[in-house]
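Reckoned from all heavy atoms, side chains included, excluding hydrogens, waters and symmetry mates.
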Amino acid sequence: MSIDLETAAKVAKLARIRVEKEALPALADEFNTILGFIEQLSEVDVEGVEPMVSVTPMRLKRRVDTVTDGDQQAAVLSNAPDAREGFFAVPKVVE
Amino acid sequence: MSGLNTLTIAEARDKLRAKDITSTELTEACLAQIDTAGALNAFVHGTADLARQQAARADERLQGADETPAMCGIPLGIKDLFCTKGVASQAGSAILNGFQPEYESTVTQNLFDAGSVMLGKLNMDEFAMGSSNETSTYGNAVNPWRRGNDDAALTPGGSSGGSASAVAADLCLGATGTDTGGSIRQPAAFTGITGIKPTYGRCSRWGIVAFASSLDQAGPMTKDVRDAAIMLEAMCGHDPKDSTSADLAVPNFEAMLTGDIKGKVIGIPREYRMDGMPDEIEKLWADGTAMMKDAGATVRDISLPHTKYALPTYYVIAPAEASSNLARYDGVRYGHRATLAQGDGITEMYEKTRAEGFGPEVQRRVMVGTYVLSAGFYDAYYNRARKVRTLIKRDFENVFADGIDAILTPATPSAAFGLGEMADADPVAMYLNDVFTVTVNLAGLPGISVPAGLDRQGLPLGLQLIGRPWEEGDLLNCAYALEGAAGFVAKPGKWW
């Protein structure tokens, strides 16, 4: 499997990381090295093997569906790069 | 009183309880050492004021009639991956510049409830991704050890490199670390200290910045095995805020340190004997095997046939989980937000923020994770890796079912290397540092690294013991026997 520039650009887009055009060849090279290494997994016979979901065979804990916390608006917004009038502020999402 | 910073936790506890020393004296001794140790770049956010307050409170508790917890008054360093309320917590990343959590991680809360003192936050690889502490936004942490008379700076290992360096240089009595593929055990081995990764689920992950959620576990990094037992007990326990936290009683680990391992069966896995392994590692392993035998254990050759596939499995699963966990760093709720150009919308904001905020290794892993999870490759990579992980875990279950109590392996394939020496190597060459440790994370088992010897250049080397799930007490006792037999007492010469 070989990653071309177009695939590298698509992956960067999906990951929401800006990669300049000039940097794409080096990125594709690195992907190829890492994926080449990962390729070893195709040698393993996994016929009939269940994919691991949890390393401990343990049912996740559940709790009653009630409010346990709240009224933390100031704390929630305290680290925001931009917050106005009790909301997170972001650039326009819908034209 | 000078030299208090060189005490172990157990020694300091006994002196504190006997009122020979105060936590305030102990804390001041550590703070003074930290002030002179800037060259190690281990502490990256100092919390001296908080430390003094906590020490004063601990001294009040120690004056009381009741017996205080073992950790009461003990000064610690906290890895920057742990969110600490009101104190900068950046996970070594520029994207979390200025982030001051409004909450406390469960592990640090447990330590504080037990009376521990926080000296500051410790350097680490960005988002715990690295084996050399060279990917941190704070710059490299430096190993206090050097090769003979050579003054080249060496790596303390990663990702808990700051923790390892601080403990090895006696800047604190113990430190928290986290281990996703070996990030406690490898730096412990590189700096001549002890580090244990407990069973997955033993320590709450709540409030620890997530890297790969199914692999991450917190653990203590300490000067010896007894301290590891004491500190681990204070860190772990069931936490309703982490749904993967095990609802199991926490034993008194220290009380289990008898040093008696007669009748224990120690497995030596043949697949860990790799081509090109340095003679010194080979010899260390053989010596460790002989020590276990001399202490009365039975040694048996075992096979873990899927060992070879552990690293490739890890480098699918860890980036996949990282790409998902790190999706939250988008410049909206906390941390860095890129300056936007006229007309930029929300997508540009995400893309620019993440390109500016994440370093190259983090970007690489997030993108690899995105790729292996993407439509068309999910089954070929991610699902296949999860199946191989099942097989890796089954290998361990089989040997434990055959009566093996613990498994002895080297901790790392070499001693500490020089900072910058791996700069031209491809990423996969760096990943090989975790070759002996990563299986343990994939199988969710406890593993401990104990310093066991020096290489010909005078650098520490570690041996690893792997235990049965939830049997940390037994594992620590095996490590205690190994530590006693190895008699490792070397310390780095002070140059900083």
Side-chain angles (χ1 to χ4, degrees), chain A residues 1 3 7-8 10-20 23 27 29-31 33-56 58-63 68 72 74-83 88-95, chain B residues 98-100 102 200-201 214 240 243-244 246-247 306 308-309 311-313 315-316 323 327 330-337 340 344-352 354-355 358 363-364 366-368 370-372 374 381 383-391 393 426-428 431 443-444 469:
Chain A
M1 161 92 358
I3 303 288
T7 311
K10 185 177 165 225
V11 172
K13 185 84 194 164
L14 287 172
R16 296 285 184 268
I17 296 174
R18 171 156 301 202
V19 177
E20 302 302 335
L27 181 67
D29 273 355
E30 282 175 354
F31 279 171
T33 306
I34 295 168
L35 293 172
F37 176 61
I38 292 169
E39 206 59 53
Q40 290 178 59
L41 294 180
S42 59
E43 298 166 13
V44 187
D45 179 7
V46 293
E47 188 64 36
V49 178
E50 280 296 307
M52 187 183 285
V53 176
S54 164
V55 75
T56 314
M58 177 173 76
R59 195 184 158 95
L60 288 186
K61 286 246 176 193
R62 294 176 183 189
R63 64 167 178 83
T68 57
Q72 306 257 359
V76 168
L77 292 174
S78 69
N79 279 292
D82 190 4
F88 293 108
V90 295
K92 198 187 275 184
V93 180
V94 180
E95 288 301 327
Chain B
F99 179 58
Q100 296 200 354
E102 293 280 342
Y200 181 81
S214 77
S243 65
T244 60
D247 197 353
H306 294 91
K308 180 186 166 196
Y309 301 107
L311 269 180
T313 301
Y315 279 98
V316 174
S323 73
D330 55 8
V332 175
R333 286 152 300 166
Y334 33 69
H336 176 74
R337 178 185 292 186
L340 301 181
D344 277 354
I346 193 120
T347 307
E348 287 78 12
M349 187 191 81
Y350 295 153
E351 291 181 346
K352 287 183 177 177
R354 289 161 65 81
F358 291 146
Q363 294 195 18
R364 181 154 56 223
V366 166
M367 288 192 273
V368 167
T370 304
Y371 180 78
V372 300
S374 65
Y381 290 110
N383 242 353
R384 175 168 280 267
R386 291 199 303 152
K387 290 178 184 176
V388 179
R389 187 176 180 189
T390 301
L391 294 171
K393 181 161 186 266
D426 69 57
V428 172
Y431 298 166

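- Side-chain contact between Lys387(B) and Val44(A): absent, with no pair of heavy atoms (C-beta onward) separated by less than 4.5 Å.
- Taking 4.5 Å as the limit, some side-chain heavy atom of Pro91(A) sits within range of a side-chain heavy atom of Leu340(B).
- Annotation for Pro81(A) and Gly335(B): closest pair CG-O, 3.5 Å, computed over non-hydrogen atoms.
- No donor-acceptor pair closer than 3.5 Å links the side chain of Asn79(A) to the backbone N or O of Arg333(B).
- If you measure heavy-atom distances from Ala8(A) to chain B, you find no contacts under 4.5 Å at all.
- Interatomic distance, Tyr371(B) OH to Leu35(A) CG, rounded to the nearest 0.5 Å: 5.5 Å.
- Proximity to chain B is limited to the backbone of Asp45(A), based on heavy atoms less than 4.5 angstrom apart.
- For Arg384(B), there are no side-chain hydrogen bond (donor to acceptor under 3.5 Å, both in side chains) partners two or more places apart in sequence or in a different chain.
- With contacts defined as side-chain heavy-atom distances shorter than 4.5 Å, the pair Glu43(A)/Lys308(B) qualifies.
- In this structure, Arg63(A) places its CZ atom where more than 12 heavy-atom neighbours from other residues, nucleotides or ligands lie under 6.0 Å away.
- No other option in Val55(A), Val76(A), Thr56(A) has as many heavy-atom pairs under 4.5 Å with chain B as Val55(A).
- With chain A as partner, the option from Tyr350(B), Phe99(B), Tyr200(B) having the largest number of non-hydrogen pairs under 4.5 angstrom is Phe99(B).
- Of the two parts of Thr7(A), only the side chain, counted from C-beta on, holds a non-hydrogen atom closer than 4.5 Å to a non-hydrogen atom of chain B.
- Between Glu351(B) and Lys13(A) there is a salt bridge, since at least one side-chain N of the basic residue sits less than 4.0 Å from a carboxylate O of the acidic one.
- For the atom pair CE (Met367(B)) and CD1 (Ile34(A)), the distance works out to 9.5 Å, reported to the nearest 0.5 Å.
- Annotation: maximal heavy-atom pairing with chain A below 4.5 Å, among Ile346(B), Thr347(B), Asp330(B), occurs at Ile346(B).
- Taken from OH in Tyr381(B) to CG in Leu41(A), the straight-line distance is 9.5 Å, to the nearest 0.5 Å.
- Taken from CD in Glu102(B) to CG in Leu77(A), the straight-line distance is 10.0 Å, to the nearest 0.5 Å.
- For chain A, the nearby parts of Ala385(B) are the backbone and the side chain; heavy atoms of each come within less than 4.5 Å.
- Atom NZ of Lys10(A) sits about 6.0 Å away from atom OG of Ser374(B), to the nearest 0.5 Å.
- Between the Arg354(B) side chain and the Arg16(A) main chain, a donor and an acceptor come within less than 3.5 Å of each other.
- Annotation: side chain of Val53(A) is in contact with side chain of Arg386(B) (closest heavy-atom distance under 4.5 Å).
- Heavy-atom minimum distance, Tyr315(B) versus Ile38(A): O-CD1, 3.5 Å.
- In this structure, chain A has a heavy atom under 4.5 Å from the side chain of Asp247(B), while its backbone stays farther away.
- Contact count against chain A (heavy-atom pairs under 4.5 Å) is highest for Thr313(B) among Val366(B), Asn383(B), Thr313(B).
- Between Phe37(A) and Tyr431(B), the ring planes are tilted. Angles from 30° to 60° get that label.
- Using a 4.5 Å cut-off between heavy atoms, Leu27(A) contacts chain B through its side chain alone, with no backbone atom that close.
- Looking only at heavy-atom pairs under 4.5 Å with chain A, the residue among Leu391(B), Val368(B), Val372(B), Val332(B) that has the most is Val332(B).
- Two residues are said to be in side-chain contact when any heavy atoms from C-beta on lie closer than 4.5 Å; Val388(B) and Gln40(A) fail this criterion.
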